[in-house]
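Note that ligands are numbered from 1 as they come in the structure, with each ligand's atoms numbered from 1 the same way.
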Amino acid sequence: MKLYNTKTRSKEDFIPLQEGQLKLYACGPTVYNYFHIGNARAFIIFDVVRRYFEYLGYEVSYVQNITDIDDKIIEQAISEHRDFHEIADKYATAFLEDCAMLGIKPPTHQPRATHVMPQIIALIDTLVQKGHAYEVDGDVYFDTASLPEYGSLSGKQIEDQMTGARVAENTQKKHPADFTLWKKSKPGEPVWQSPWGEGRPGWHTECVVMSQHYLGESFDIHGGGIDLVFPHHENENAQAMALTGKPLARYWMHNGFLNIEGEKMSKSLKNFFTARDILEEYDAEVIRFFFLSKHYRSPIDFTRELIEESGKALQNFYKALSSVDFLSLKRTEITLSEILDVEKGFRDAMDDDFNSAKAIALLFDLAHRIRDARQEQTHREEAALMLVKLGKVLGFFQNLQSRLQDNMHDLSKQLIDLILGYRKEARANKDWALSDRLRDDLLALGIVINDSPGGSTWELRN
Ligand code: AMP
Ligand code: ZN
C-alpha cells in the first residue's frame with residue numbers, strides 16, 4: 001500500500017510499526033457548535049481509512065479526540081449565558097449523534113481533553129525540565145529554537161515566521177514561533193491548578209497526550225484536514241520530538257477542503273451548513289458518496305447539484321441489487337475469477353493512496369454487470385455479493401435490508417397505481433367484467449379498492 005505522506009510530500013510504502021496492527025489518530029472537533037459538512041469530510045475520510053484497514057485484516061486502534069476546553073468554547077458559553085462545561089457537553093453529545101447519523105463507526109477511543117488534565121500538566125512539566133519550554137508570568141511556551149527539527153513536518157522555516165510575525169504580538173515570547181503550552185487564566189475562566197499557577201492547556205498539547213496515551217509515543221498514521229498541518233500538527237510533532245526524540249507519527253495524512261464558491265467552508269467565514277441541517281435534506285449515504293467520489297486530497301465544491309447527482313448515482317446500486325432479489329440470496333461465496341478480479345482492482349485503487357473515486361468506478365462496473373440481461377444468473381448473484389462486500393468497506397449499505405425493502409415498497413405502490421389506471425380504462429369502456437376481476441384479484445392480495453365519483457383509491461386490508 002502506498003499513501004501520501006505530508007511530511008515527505010510523496011507517496012510512500014505503508015509499513016506498520018507492528019505487523020497486522022494499525023494505530024491511527026485523527027483530530028476531532030472543538031465542541032463549541034454543531035459541526036459543519038466540511039468537518040464531516042474529515043470525519044468520513046478517516047472512517048474509511050479505518051474501515052479499509054479492517055477489511056485488510058488489520059487490528060485497528062483508532063483514536064479521535066474531543067477538544068472540550070478552548071477559547072471558542074468559553075466565548076460560546078458567554079454568548080449563551082451558560083457554564084462552559086454545559087456548552088462543551090451539549091456540543092460533544094451533538095457531535096456523537098451527528099457522527100452516528102453519518103454512519104461513522106465509533107472510534108476505538110474518543111477521549112476528552114478535560115479528562116486527561118494531570119497527564120497534560122505532567123507532559124508540559126517534562127518539557128520544561130528538559131529545557132524545551134519556559135514559563136513567563138504563568139504562561140508556558142514551547143521553545144522552538146531548542147528543537148533543530150522544528151518545521152520538519154510543514155516545511156516551514158523558523159525564519160519565515162520571524163518575518164511574518166507581528167513584533168508587538170507577544171513580547172513575552174523568546175521567539176515569535178514559540179507556541180503556548182499552558183495559558184494563565186483570566187478572571188471568570190475555567191481553571192486547573194498547575195506548577196505555574198491556575199490556567200488551562202493549549203490545544204497542541206492536548207492532542208499529543210490523548211494520542212500517546214492510547215497509541216504509544218510514536219504511532220502509524222496521524223490525520224486531519226489540510227488546515228491542521230501548520231501550526232497544529234507541526235506543534236504536536238515538535239512536542240513529541242522534544243520528549244522522545246521520535247516523531248509522533250510515521251505518516252501524516254491530510255484531507256482537502258470542502259469549499260463553497262471557491263472558499264474553504266469554515267465557521268469563521270460563516271459560509272457553512274451544519275451536518276445536521278444537510279442530513280435533514282439528504283441521506284447520509286448520499287453525502288458519503290459525494291465525498292468518496294473524489295480523491296480525499298482534492299478540494300471539493302459544495303453544490304446541491306453535485307449532491308443530487310450523487311443521490312442518483314447511488315440509486316444505481318440499489319436498482320441493481322433489487323434486480324437480483326439480493327435479500328433472498330442464500331449463497332455467500334464468490335468464486336468466479338472475473339468477479340474476484342474486480343476485488344483485486346478495488347484493492348489496487350485503495351492501496352494507491354485511498355483512491356476511492358476509482359474504487360467506486362469499479363462498483364459501478366459491478367452494478368452494470370448485474371443489470372446486464374445477458375449475464376448468467378450465477379454471475380449476477382456473485383457480482384451482487386461483491387458489490388455489497390466492497391461497498392461496505394467504504395461504509396455504504398449500512399441499512400441495506402430496509403433500503404431494498406423500501407425500494408420494493410415503492411415499486412409495489414407504483415404497480416398498484418398502474419393496475420388502477422388499467423381498471424379506470426376498463427370502466428371507461430364499460431368493460432365491467434375486467435374491472436371487477438381486477439378489483440377481486442387485488443382484494444385477494446389484500447388490497448381494497450374504494451370507488452367514488454371522484455375516482456378510485458386503494459388501501460391495505462387490515
Ligand atoms: P475543527 O473542529 O475546526 O478543529 O475541525 C475538525 C476537522 O475538520 C479537522 O480535521 C479540520 O481540518 C477539518 N476541516 C475543517 N474545515 C474543513 C473543510 N472546509 N473541509 C474539509 N475539512 C475541514
Ligand atoms: Zn489535533
Side-chain angles (χ1 to χ4, degrees), residues 6 24-49 62-73 76 88 91-92 94-96 98-99 102 104 107 109-113 116 120 123 153-154 179 181 201-215 219 221-240 248-249 252-275 278 287 290-292 294-303:
T6 305
L24 168 68
Y25 183 86
C27 294
T30 303
V31 283
Y32 68 101
N33 214 323
Y34 298 113
F35 69 84
H36 62 65
I37 197 71
N39 302 132
R41 183 178 190 192
F43 306 151
I44 289 173
I45 293 303
F46 291 101
D47 178 59
V48 170
V49 169
Y62 173 32
V63 180
Q64 184 193 43
N65 68 298
I66 294 179
T67 298
D68 61 352
I69 172 69
D70 185 83
D71 286 347
K72 290 175 190 152
I73 303 176
Q76 186 68 21
Y91 292 111
F95 162 70
L96 298 177
D98 293 352
C99 282
L102 282 166
I104 292 168
H109 303 284
Q110 224 158 13
R112 297 185 188 201
V116 290
I120 290 177
L123 185 146
L153 172 63
S154 60
F179 56 91
L181 301 173
W203 175 37
H204 312 311
T205 305
E206 298 170 10
C207 277
V208 180
V209 169
M210 289 186 271
S211 57
Q212 290 188 329
H213 180 75
Y214 291 102
L215 303 175
F219 48 92
I221 301 179
H222 192 315
I226 189 84
D227 52 336
L228 299 189
V229 177
F230 188 88
H232 185 50
H233 289 171
E234 184 69 63
N235 292 352
E236 281 185 30
N237 198 43
Q239 293 169 77
L248 186 59
W252 296 79
M253 272 183 76
H254 294 99
N255 64 274
F257 288 142
L258 175 71
N259 290 328
I260 185 155
E261 288 166 0
E263 258 185 322
K264 177 196 173 193
M265 185 181 281
S266 80
K267 283 177 192 151
S268 53
L269 292 172
K270 299 202 169 41
N271 60 352
F272 65 91
F273 294 101
T274 64
I278 291 296
I287 302 299
F290 166 71
F291 286 132
L292 298 184
K294 272 265 190 159
H295 191 270
Y296 75 90
R297 282 190 287 122
S298 310
I300 305 191
D301 270 317
F302 175 91
T303 69

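- Ranking the protein heavy atoms by distance from atom 14 (N) of ligand 1 puts Asn39 ND2, 3.6 Å first.
- In the vicinity of Gly224, heavy-atom distances shorter than 4.0 Å reach the ligand 1 atoms 10 (O).
- Not one N or O on the side chain of Gln64 forms a donor-acceptor pair closer than 3.5 Å with the backbone of Gln110.
- Separating the CZ atom in Phe272 from the CD1 atom in Ile278 is a distance of 11.5 Å, to the nearest 0.5 Å.
- A donor-acceptor pair is defined here as one N or O able to donate and one able to accept, closer than 3.5 Å; no such pair exists between the side chain of Asn65 and the backbone of Cys207.
- Ring geometry for Phe290 against Phe302 counts as perpendicular: the plane angle is over 60°, on a 0 to 90° scale with 30° as the lower cut.
- Here CG of Leu269 is found 5.0 Å from CG of Asn271. Values are rounded to the nearest 0.5 Å.
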Tell me which donor-acceptor pairs under 3.5 Å the side chains of residues 34-48 have, and how far apart each pair is, sequence neighbours excluded?
unit_1 : atom_1 : unit_2 : atom_2 : d
His36  : ND1    : Gly38  : N      : 2.9
His36  : ND1    : Asn39  : N      : 3.2
Asn39  : OD1    : His36  : N      : 3.0
Arg41  : NH1    : Gly256 : O      : 3.0
Arg41  : NH1    : Phe257 : O      : 2.9
Arg41  : NH1    : Ser298 : O      : 2.8
Arg41  : NH2    : His295 : O      : 3.1
Arg41  : NH2    : Tyr296 : O      : 3.2
Arg41  : NH2    : Ser298 : O      : 2.7
Asp47  : OD1    : Lys105 : N      : 3.0
Asp47  : OD2    : Arg51  : NE     : 2.9
Asp47  : OD2    : Arg288 : NH1    : 3.1
Asp47  : OD2    : Arg288 : NH2    : 2.8

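- Here the heavy atom of the protein found nearest to atom 4 (O) of ligand 1 is Gly28 O, 4.0 Å.
- Heavy-atom separations between Gly223 and ligand 1 are all 4.0 Å or longer.
- When only interatomic distances are considered, the shortest N/O to N/O separation between Gly38 and ligand 1 falls below 3.5 Å.
- Among protein heavy atoms, the minimum distance from atom 20 (N) of ligand 1 is reached at Leu258 N, 2.7 Å.
- Looking at Asn259, its side chain never comes within 3.5 Å of a backbone N or O of Pro299 through a donor-acceptor pair.
- Between Asp70 and Tyr32, the closest side-chain pair of non-hydrogen atoms is not below 4.5 Å.
- For atom 10 (O) of ligand 1, the closest non-hydrogen atom on the protein side is Gly225 N, 3.0 Å.
- To the nearest 0.5 Å, the span separating CD on Glu234 from NE2 on His232 amounts to 12.0 Å.
- In terms of protein heavy atoms, atom 2 (O) of ligand 1 is closest to Thr30 N, 3.4 Å.
- With a 4.0 Å heavy-atom cut-off, ligand 1 is reached by the side chain of Asn255 but not by its N, CA, C or O.
- What sits closest to atom 19 (N) of ligand 1 on the protein, heavy atoms only, is Met265 O, 2.9 Å.
- Scanning for salt bridge (Lys or Arg N to Asp or Glu O under 4.0 Å) contacts around Lys294 gives an empty result, with sequence neighbours left out.
- The proximity of Leu228 to ligand 1, defined as any non-hydrogen pair under 4.0 Å, is limited to the side chain.
- In this structure His213 satisfies the ring-ring contact (aromatic ring centres under 6.0 Å, His included) test with no other residue, sequence neighbours excluded.
- The number of protein N, O or S atoms lying under 2.8 Å from the Zn ion (ligand 2) is 4.
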Steps toward ring pair (Phe, Tyr, Trp, His ring centres under 6.0 Å) verdict (His254, His233): CA-CA 10 Å; His254 294 99; His233 289 171; 5.0 Å; yes
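- With a 4.0 Å cut-off on non-hydrogen atoms, Lys267 does not touch ligand 1 at all.
- Using modelled atom types, one side-chain atom of Thr6 and one backbone atom of Trp252 make a donor-acceptor pair closer than 3.5 Å.
- From the protein, the heavy atom lying nearest to atom 11 (C) of ligand 1 is Asp227 OD1, 3.6 Å.
- The closest approach between a heavy atom of His36 and any atom of ligand 1 is below 4.0 Å.
- Within ligand 1, counting atoms from 1 as listed, the ones closer than 4.0 Å to a heavy atom of Lys264 are 16 (N), 19 (N).
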